[in-house]
Amino acid sequence: MKIEGECRTRDAVARHVLRRGPQTAAALADALGVSPAAVRRHLDALVAEGLLVEREPRPAARRGRGRPARTYALTDEGRAAFPHGYDDLATTALRYLNETGGEDAVASFAAHRAAGLEQAIKITGKTIAQRADSLASALTEQGYAASTAPSGVGVQVCQHHCPVAHVAAEFPELCEAETRAFERVLGTYVQRLATIAHGDGVCTTHVPVPPKHVPVPPISPSRSGRTA
């Protein structure tokens, strides 16, 4: 119970800074009705987690005697920890695009987004398995938390996070275009087995690995992602 109460207070501290902007420890203690010592403990923890940053007061606030109190402000990471409406905005925009331009317009947008992801991916390696590992590393850099795992006569690229999962749940064209981009950068056919957008725990893409005696097709410069 004590730990739960500590978490609630820490969340209240962060939310108050979100609503009111940079705050001093004294102002937070007064607003939340807790002791200054308790507030400072939570502030120290939030700073250590990278959610808040300690700042010097503005010159206009440096009046009177004594050392002016420092203020605490949210970092970009701290703001990202709170719910936002980006998914709703993106979904609304795609719904409007679908209503005004039809399914072809949505598919065109999905292809455009996938092309941008494709250009950001740099693939290395001579074998399909090596390319799959390279793809997973590149996807991780793009925020997909990807990894690979052997699977029968192939390898699976597993994306443990999807930045557009909520939007893709309504517009699967995003997943389809992304899959086709994987084929282009890998230079081979792939099969999407599962997606977070459809309720699966992980986005899983199967990449068939040909027998050793079958040559791996070369990747053309336009499909290697080296144009980024």
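Please read all numbers here as calculations on a predicted model, not as lab measurements.
- In terms of modelled atom types and a separation under 3.5 Å, the side chain of Glu183 and the main chain of Val190 share a donor-acceptor contact.
- Distance check: Thr140 OG1 to His160 NE2 gives 8.0 Å after rounding to the nearest 0.5 Å.
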Donor-acceptor pairs under 3.5 Å, side chain of residues 201-210 to any protein atom, not counting sequence neighbours: which ones?
unit_1: Thr205; atom_1: OG1; unit_2: Arg192; atom_2: NE; d: 2.9

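- Contact detail for Leu186 and Ile128: the closest heavy-atom pair is O-CD1, 4.0 Å.
- Looking at every heavy atom in both residues, Gln159 comes nearest to Ile196 through O-CD1, 3.7 Å.
- Nearest approach of Ala29 to Val39, heavy atoms of both residues: CA-CG2, 3.5 Å.
- Nearest heavy-atom pair across Ala114 and Ala177 is CB-O, 3.4 Å.
- In this structure, Leu74 CG and Arg15 CZ are separated by 10.5 Å, a value rounded to the nearest 0.5 Å.
- Atom CG of Leu139 sits about 11.5 Å away from atom SG of Cys158, to the nearest 0.5 Å.
- Sequence neighbours left out, not one pair with a member in residues 132-145 passes salt bridge (Lys or Arg N to Asp or Glu O under 4.0 Å).
- Cluster membership check: Tyr144 does not share its hydrophobic cluster with Leu174, using side-chain heavy-atom separations under 4.5 Å among Ile, Leu, Val, Met, Phe, Trp and Tyr.
- Enclosure of atom NE2 in His166 is not indicated, since only 12 or fewer non-hydrogen atoms of other residues, nucleotides or ligands lie within 6.0 angstrom.
- Linking ILVMFWY residues whenever their side-chain heavy atoms come closer than 4.5 Å, directly or via other members, leaves Leu117 and Val167 in distinct clusters.
- Under the 4.5 Å side-chain contact rule for hydrophobic residues, Val53 and Val47 do not share a cluster.
- Cluster annotation: Leu51 and Leu18 are assigned to the same hydrophobic cluster (Ile/Leu/Val/Met/Phe/Trp/Tyr, side-chain heavy-atom contacts under 4.5 Å, transitive).
- If you chain together hydrophobic residues whose side chains sit under 4.5 Å apart, Leu193 and Val157 never meet in one group.
- Looking at Thr92, its side chain does come within 3.5 Å of a backbone N or O of Asp88 through a donor-acceptor pair.
- The shortest distance between side-chain heavy atoms of His42 and Val34 does not fall below 4.5 Å.
- Arg55 and Pro22 get closest at one heavy-atom pair: NH1-CG, 4.1 Å.
- Between Arg10 and Glu49, the shortest heavy-atom distance links the atoms NH1-OE2, 3.7 Å.
- Within the 4.5 Å cutoff, the side chain of Pro163 has no heavy atoms near those of the Gln142 side chain.
- Atom OH of Tyr72 and atom CG of Leu52 lie 9.0 Å apart (nearest 0.5 Å).
- A side chain to side chain contact (heavy atoms under 4.5 Å, CB included) with Gln156 is found for exactly one of Ser147, Pro150, Ser151, namely Ser151.
- Between Leu28 and Val17, the closest side-chain pair of non-hydrogen atoms falls below 4.5 Å.
- Heavy atoms of other residues, nucleotides or ligands lying less than 6.0 angstrom from CD of Glu103 number 12 at most.
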